[in-house]
Protein chains: 2
Amino acid sequence: MKNLPDKTVERLSQYRRSLNNQLTKGKTNIFSHELAHLLHITPVQVRRDIMLIGYSGTLRKGYDIKEMINLIGKIIDTDEGQRIAVIGMGNLGKAFIHYLHEKGSKLKIVASFDVNPDKTDKTYAGVHCYHFDRLAEIVKKEEINIGIITTPPEVVPQIADKLVEAGINGILNYTPKPLSVPDEVYLEEYDMITSLEKVAYFVKHRD
Amino acid sequence: MKNLPDKTVERLSQYRRSLNNQLTKGKTNIFSHELAHLLHITPVQVRRDIMLIGYSGTLRKGYDIKEMINLIGKIIDTDEGQRIAVIGMGNLGKAFIHYLHEKGSKLKIVASFDVNPDKTDKTYAGVHCYHFDRLAEIVKKEEINIGIITTPPEVVPQIADKLVEAGINGILNYTPKPLSVPDEVYLEEYDMITSLEKVAYFVKHRD
DNA sequence: TATTCCCTGTTAAAAATTTAACAATAATTC
DNA sequence: GAATTATTGTTAAATTTTTAACAGGGAATA
């Protein structure tokens, strides 16, 4: 499959979640306008995304929910499921682990890291916390290929270097410290303060 | 000032943070390419954003850091500073409070809410946690105008309703449950699982 | 069986965002 | 003081994303 647009990929993840939800409610088919309504987007956008992934619904019956869930899985997930590490076991790191814990997602957080001895060598929601010194070792052993960084910003560049060195393929940086990594590593950054200041701006300038 | 593009607003927040950082290092002026380098974006983008906010640097000396910080403040902040509430005192809520605690930001988290009696009537990092039943009362008393939702997804719609009813002007929804609010309320949504699945997708399809 | 209606799939247009191109000009060099 | 260099500000082009428009066709209706 040709590479999908960024935004479509984001929505696929959300479609899947909504669809799973509908499935548990006993629904088997869904119209573009229904799915759109659930995500508060437009039906056209739904249909366009579905077109891009090469799926087809049936006229007047909409889309088969199970089929769509499976297809999205084929697009996003790998067969083995990707294995993830969280670096930094503060509140944000814990939130992540907690978030992924219940879901039947293919994404598995299999290790966490910290330097604080109060946190290392303990297990939180089924995820063991190792000392950061053991990063390379554990990444290899556990076949981790994605890292989520939730540490204080000062140490982010070194952490990223270590992750890349250890052979990770994707990084999700949740700190306010912008990062750059080699081209072959996929990087996604998100800054909580920025999104809050964005809200502040648009609240101030609304009308 | 005419309304700025979404993305420019996001970057302004990041410029300011970087600039403050440079200021503490004793730097007084900065070139577009330097600022660009700090955020890992292009110099053109920096210059264009600066153009949009109507600021000018001086040729060969770059931009005056203090002036820019002040200007960005005038654009994003209000004189009194906006007052924020966090709804849901789980790990994510705590992360937010912690994050904003140290910063000299104009944004102030002045209250938090939960329904769990283990959490209510306590203070975390200087922020008092009230029972959710008191939302309307406290929002009024504390003149809160922005709410951050970090609760379990099931209860999000009711919470949003209550926030809107209480007269809030902006909502930052961190749950995976899409929300819709009246037009006069600014809504920003962010979904941690989605961004993780996005990384997973691009890692899988990289090159 | 003809007609209407609803919903999909897709192409085309519009809007938002990023990137490129370059003119202007102050400082520096020769 | 002429030529070169570095850096800004801005217009234009390219890219990405969203929205609109509408043809097609199966189901329902009559």
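Each chain gets a letter, A, B and so on, in the order its sequence line appears, and its residues count up from 1.
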Query raised in the report: Under 4.0 Å between a side-chain N or O of B:Thr58 and OP1 or OP2 of D:dT7?
Result: no
Report summary line: Sorted by chain and residue number, the side chain to side chain donor-acceptor pair (under 3.5 Å) partners of A:Asn116 (sequence neighbours excluded) come out as none
Query raised in the report: Which nucleotide, D:dA6, D:dA28, D:dT17, lies nearest any side-chain atom of A:Pro5?
Result: D:dT17
Requested in this report: With sequence neighbours excluded, give me every salt bridge (charged side-chain N to carboxylate O under 4.0 Å, His left out) pair touching residues 15-24 of chain B.
Outcome: A:Asp191-B:Arg17, A:Glu197-B:Arg16, B:Arg16-B:Asp77
Report summary line: A:Leu4 and B:Tyr201 have their tightest heavy-atom pair at N-OH, 3.1 Å
Query - Electrostatic pair A:Lys27-A:Glu34, nearest N-O below 4.0 angstrom - result: yes
Report task. Could you tell me which non-hydrogen atom of B:Asp49 sits nearest to which non-hydrogen atom of B:Tyr15, and how far apart they are? Result -> OD2-OH, 2.6 Å
Considering only distance and modelled atom types, tabulate donor-acceptor pairs under 3.5 Å from the side chains of residues 146-154 of chain A, sequence neighbours left out.
from: A:Thr150; atom 1: OG1; to: A:Ile87; atom 2: O; distance (Å): 3.2
from: A:Thr150; atom 1: OG1; to: A:Gly88; atom 2: O; distance (Å): 2.6

Query raised in the report: Whole Å only: how far is the CG atom of B:Leu35 from the P atom of D:dT7?
Result: 14 Å
**Report entry** With sequence neighbours excluded, residues passing ring-ring contact (aromatic ring centres under 6.0 Å, His included) with B:Tyr99
**Finding:** none
Requested in this report: Please work out which residues in residues 6-21 of chain A have a non-hydrogen atom less than 4.0 Å from an atom of DNA chain C and list them by number.
Outcome: none
Query - B:Glu184 and A:Arg206 ion-paired at < 4.0 Å - result: no
Query - Candidate nucleotides C:dT11, C:dT8, D:dG26, ranked by approach to the side chain of A:Met51 - the nearest - result: C:dT11
Output a table of nitrogen or oxygen pairs between the protein and nucleotides 19-24 of chain D separated by less than 3.5 Å.
from: D:dT19; atom 1: O4; to: A:Arg48; atom 2: NE; distance (Å): 3.2

